[in-house]
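Values reported hereafter were calculated over all heavy atoms of this structure, with side chains retained and with hydrogens, waters and symmetry mates removed. Everything numeric here is computed off the predicted structure, so don't read it as measured data. Here is how names work: the chains are called A, B, and so on, in the same order as the sequence lines, proteins then strands, and each is numbered from 1.
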Amino acid sequence: MSPQPRLLHVLNILSALLLAAGTLMVFWYAPVERVMGAVQKLFYFHVATAWVGMIGFIIAAVVAILYLVTKDLKWDAINVAAVEISLVFFFIAIVLGSIWARPAWGTWWTWEPRLTTAAILEMIYLAYLLLRQGIEDPERRARFGAVYTIFGGLSVPLTFVSIRLFRTIHPVIIGAGGSEKMNMTGDMVVTMLFNIAVFSVIFITLFWHRIRLGQFAEQVERRKLQLTH
Amino acid sequence: MSPSIEVTRLVKRFGLKNVLRGLDFQVQSGEFVALLGPNGAGKTTFLRILASLSRPTLGQVRVAGHRLPEQSAAVRRRLGVVSHLPLLYGDLTAEENLQFYGRMYGVPNLNVRIQEVLDMVGLSTRRRDLVRTFSRGMQQRLAIGRAVLHDPDVMLFDEPYTGLDQDASEMLDSVLKNVAAAGRTVVMTSHDLARAEDLATRFDVLSRGVIAASVTRTDLQNSNLLTFYKQALAG
Amino acid sequence: MSPSIEVTRLVKRFGLKNVLRGLDFQVQSGEFVALLGPNGAGKTTFLRILASLSRPTLGQVRVAGHRLPEQSAAVRRRLGVVSHLPLLYGDLTAEENLQFYGRMYGVPNLNVRIQEVLDMVGLSTRRRDLVRTFSRGMQQRLAIGRAVLHDPDVMLFDEPYTGLDQDASEMLDSVLKNVAAAGRTVVMTSHDLARAEDLATRFDVLSRGVIAASVTRTDLQNSNLLTFYKQALAG
Amino acid sequence: MSTSYLRAILAVTWKDLTAELRSRELLSAMLVFSVLVLLIFYFALELDVQTRSEITAGALWVTFAFAGTLGLNRSMAIEKDRGCLDGLLLVPVDRSAIYFGKALSNLAFMLAVEAIVLPLYSIMYNVNLFYPGLLGVTLLGSVGYTAVGTLLSAMSVQTRTRDVLLPILLFPVIIPVFVAAVKASGGFLNGAEWSEIIPWVNILLVYDVIFIAVAFMVFDFVIEE
Amino acid sequence: MSTSYLRAILAVTWKDLTAELRSRELLSAMLVFSVLVLLIFYFALELDVQTRSEITAGALWVTFAFAGTLGLNRSMAIEKDRGCLDGLLLVPVDRSAIYFGKALSNLAFMLAVEAIVLPLYSIMYNVNLFYPGLLGVTLLGSVGYTAVGTLLSAMSVQTRTRDVLLPILLFPVIIPVFVAAVKASGGFLNGAEWSEIIPWVNILLVYDVIFIAVAFMVFDFVIEE
Ligand code: HEM
Ligand SMILES: Nc1ncnc2c1ncn2[C@@H]1O[C@H](COP(=O)(O)OP(=O)(O)OP(=O)(O)O)[C@@H](O)[C@H]1O
Ligand SMILES: Nc1ncnc2c1ncn2[C@@H]1O[C@H](COP(=O)(O)OP(=O)(O)OP(=O)(O)O)[C@@H](O)[C@H]1O
Ligand SMILES: [Mg+2]
Ligand SMILES: [Mg+2]
């Protein structure tokens, strides 16, 4: 098995440092928000994880097209890696949002279009995992997975558009607490952008690790094959 | 003339299991190859790859001059396939099944041809019955009719005699002899060595993922197929 | 001793179609009957009625001394059946399938027996593989193993040689010879007259819904089964 | 009950659980499906918070009913696959043992799904669902549902339209159980008087007993050709 | 489009319609099922007249969605039955012809069901549903639904969990069509302004076009082994 490339080492360390820096920034640099107080700090992580999650889903759709064109299983490995990591990040975003929603709106979950859309997105990619689980032939698994991620990728932006319309026609009044629009100060914007960057780097690092993991699994299979025959 | 089927170092893997391990195989047009081998040897797997129904894990496959799986559309037009399942719609009648496939293959003079085929497989009187009420042998007869409906050049027949009675077997014997005589290519699997010996011009034994032995009818002349087969498996 | 199987004026109708038309049939214990007949004659239909899987439209059926369909529970304990389908769970392994059926039949010393059966059908090395990954012949082998697992007295085997290779066929030959020698009753359908001639003690031809002809091996002695069969169909 | 009868029941249940635990396909499918049904309801019915709390019980039971059909269908499809149903018919045990074995594994799947959907719903709709009474009703309702469902799925799988027939047979028959379960659950959720709830619970109990008894008696006819 | 391409499409549709017209099993099953879903809703949600009229569109579309899944599943199960899918794969026509053929027959079944459910609902709940706009929206929604549904059912039928996978794959992806159809239908029913309805109709149109185009492009990959 090939050792970790140097760049990946660098990324590992960089991710750790950046995460520390981002966290410090959230707690020491960004001001405490007036209305919501300290919980608002979750916001930076919430937005950052949601952001990279979405990017990952888009990457998955792009890679899916590449797979269908080239039929190279390498792209399939990347496709799974992207979906799995994004699924986790997106789940974290939902959980963080949930934790935040508890004090902000007085409820863990409310049927607000954006949240619902987020939930549907998770479902699409859970369905993707179930689909793959039901197919044995790796080549067909890859093909079906790719086709489905393309539909997922189509569904995502348009879901957002339709949700916008949803809101303009039927404004949804959010639960008990009500929410005033946050006033983002410049410090906050900087912190937010920085954290988005941080999580993007973390995403890339994990992505790379996950792809390598897939390659190792493949190698292990090949070794086993040589042993059994 | 290029060979009708040409397979080089074909590997097929299911999960961890290598079923075909670098198999080489060539058939010229007009040859009738009996593909022999024990249960689980990979005969069906191999025929499915030739029929473009399954993809090779590694290796080159050319059928009727076209590469698989890339040019499968061109290959399919010239193929006739009998598989372990009859590939028929249970809720349609015998006639409707042939009509459907005939349209899909663009068979000219379809109704005449359907009549011919139904007569051949001995199902004319049952043409209006739903296929799901057919007995096993009747379904197999119709499956053979379906496979030859469009008069294919290359026939891939996986245990085609399964469930056929005496009459139907004789019918299939004569069909296979005729097509081979007409310069078509036939690859047929069978566990019935006597029948294979009777029909084929070449005998290939698939074992341990490769063609373990191959002999033409002329070379076999003064020997016996069963002995040859057992030797091939042993060696 | 009463006959092991006794069928009087059996009629089976599907919708408007009379498949069995007043069939009479008797088998003594220890007899090995080969049930012959063209495709669609009704052999499978008949065996399914004997196996209590299908109800007669009219007529009396007794198997192992019990009336069908009323006393089917008592009959089933003594039956071993091989049908056109393998009757196996694709999502369980070979071993788990036998375990399940063994428990249902209350087979004593189950694990020992399973080992025996797996050895017999030559699937010991594949015992931990899921049945849905098995080739056709491997599924048929296991189906035979399932049918004999509980050491039944009456065996109803519908084309049991389907898909079996040389080894497996020889294995089944010896199984069938042994059970018949041990005084068990066997009714087997087959289109392979040579094999039937080799094994059975009696040959019955099912045609046009009745047993059109029946002959014991001793009576057949100086004639040929194929001629007998063709005459039975013609007459 | 003889030991061989019990052994047969357990063998059937065990076989289903073995196959399912190996792949966990059915459970995960039922779960994802349940969540989807809840989401679809949201978009279709756009219920505001107030109506929503009133229909919690209804929404939950519709979800269980649909997810349950999915599970029943699949569990019987497995029996039909390679002719296994014939294999079961050939086995010399009382057919009711097969029925109880299948019903047990179906119940296990259904309860497993409910054990995850309830807390999820509780979070998503911000309602507390952890009343022992509610859990009891859920159990009773599920028992009635699988009792009839197992029987009817054994019937539907033997017809030509097996893919579509089950819900059509099941839903009308199950309505009494369904209504009683919705009412009783709603009662517990809205803190109704015990005296208001008890009739519904009684109906559930009576139906469970009747359904199990009848299914036990007629299963023979259903599964035999 | 060449004539052989067209002929192949029609051959596929024709085959499905022949089988169905002979038995009328699928259509009647879908219909009964639709009615049952409506009844279940009635019992589960106990909607009073007012809320009911608000959710008419939603209830209708949930019904169509579930009945549609039933139809799609069955229509693909037929292909899998005696290995027919392999038979289709062996045929030398462009795979997209098979897709369009199946999609057409699926659409025909869905529209047939809607043509009966709409008047039925109209009678059962005493609402007038015969706005041309509403019918147009129903058509557009059904087209989008079958376009994606045919593709995904071709995928799900080739997996081990085929009995349960289709709704799980289909529902989350179809949500935009679903929401737009509910909104637009609701708009017509409540006599909303044209300007409020038009964005939803546009979404429907856009989706229909995109889904058909993408399905057309990727179907080859789905049906190929
Ligand atoms: C698609 C996924 C999501 C994205 C892209 C996202 C993004 C954002 C952004 C940009 C904000 C701050 C700006 C604003 O207030 O509008 C925000 C606020 C918030 N999000 Fe999310 N979010 C997502 C999902 C969720 C989920 C699933 C939850 C809860 C379960 C959630 C809970 C919240 C809460 C409580 C706030 C604060 C709202 C307030 O200020 O009152 N979010 N989100
Ligand atoms: N989907 C699959 N997954 C795993 N293994 C498989 C799969 N399909 C086939 N195999 C394995 O591949 C091997 C070859 O199977 P194949 O069906 O080609 O055999 P065969 O030569 O046709 O045998 P038979 O004479 O019994 O029909 C078997 O060992 C079988 O278990
Ligand atoms: N469900 C059914 N509905 C209508 N007809 C049926 C049904 N099942 C069988 N038949 C008819 O009954 C006759 C006998 O069928 P059966 O399967 O018993 O034949 P068989 O002797 O086993 O033939 P084979 O040798 O081909 O297996 C056939 O003509 C068949 O079409
Ligand atoms: Mg084979
Ligand atoms: Mg038969």
Side-chain angles (χ1 to χ4, degrees), chain B residues 14-17 19 36-48 83-85 121-123 125-126 129-130 132-142 158-159 161-171 189-196 205-207 225-227 229-230 232-233, chain C residues 14-17 19 36-48 83-85 121-123 125-126 129-130 132-142 158-159 161-171 189-196 205-207 225-227 229-230 232-233:
Chain B
F14 289 110
L16 281 179
K17 198 160 42 219
V19 174
L36 312 172
N39 290 142
K43 301 180 293 300
T44 298
T45 307
F46 181 43
L47 283 195
R48 285 180 62 83
S83 91
H84 284 331
L85 292 168
V121 299
L123 287 174
T125 57
R126 302 295 294 268
D129 286 346
L130 297 188
R132 77 177 132 72
T133 69
F134 277 14
S135 77
R136 173 194 257 196
M138 289 156 67
Q139 298 201 15
Q140 184 72 7
R141 285 167 180 231
L142 194 57
D158 199 358
E159 301 185 34
Y161 286 90
T162 304
L164 295 185
D165 65 11
Q166 303 301 316
D167 284 353
S169 299
E170 282 163 24
M171 171 278 293
T189 72
S190 178
H191 292 298
D192 184 346
L193 297 189
R195 176 151 268 135
V205 180
L206 181 55
S207 170
L225 184 55
L226 182 61
T227 354
Y229 174 74
K230 294 224 157 162
L233 292 191
Chain C
F14 290 110
L16 283 180
K17 197 161 44 223
V19 174
L36 311 173
N39 291 141
K43 302 179 295 298
T44 298
T45 307
F46 181 43
L47 283 195
R48 284 180 63 84
S83 91
H84 283 332
L85 292 169
V121 299
L123 288 174
T125 56
R126 302 295 294 268
D129 286 344
L130 297 188
R132 78 176 131 72
T133 69
F134 277 13
S135 79
R136 172 193 257 194
M138 288 157 67
Q139 298 200 17
Q140 184 71 8
R141 285 166 179 231
L142 194 57
D158 198 358
E159 301 185 37
Y161 287 90
T162 305
L164 296 184
D165 63 10
Q166 303 301 316
D167 285 353
S169 300
E170 282 163 23
M171 171 278 293
T189 73
S190 178
H191 293 297
D192 185 347
L193 298 188
R195 176 152 269 136
V205 180
L206 180 57
S207 172
L225 184 56
L226 182 60
T227 351
Y229 173 74
K230 295 222 157 163
L233 291 192

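For the pair Gly40(B) and Ser135(C), the tightest heavy-atom approach, listed with the atom from each and the gap, is N-OG, 3.2 Å. Considering all non-hydrogen atoms of both residues, Lys17(B) and Asp129(C) come closest at NZ-OD2, 3.8 Å.
Under the salt bridge (charged side-chain N to carboxylate O under 4.0 Å, His left out) criterion, Asp192(B) pairs with Arg195(B), sequence neighbours left out. Every residue meeting the side chain to side chain contact (heavy atoms under 4.5 Å, CB included) condition with Gln166(C), not counting sequence neighbours, appears here in chain and number order: Leu193(B), Leu226(B), Tyr229(B).
Across Leu164(B), Thr133(B), Leu36(B), Thr45(B), the residue that shares the most heavy-atom pairs under 4.5 angstrom with chain C is Leu164(B). Ranked by heavy-atom pairs under 4.5 Å with chain C, the first of Pro38(B), Gly163(B), Ala41(B) is Gly163(B).
Of the listed residues (Thr162(B), Thr44(B), Asp158(B)), just one forms a side-chain hydrogen bond (donor to acceptor under 3.5 Å, both in side chains) with Arg136(C), and that residue is Thr162(B).
For Lys43(C), no part lies near chain B; criterion is any non-hydrogen pair under 4.5 Å.
At distances below 3.5 Å, at least one donor-acceptor pair connects side-chain atoms of Asn39(B) with backbone N or O atoms of Asp165(C).
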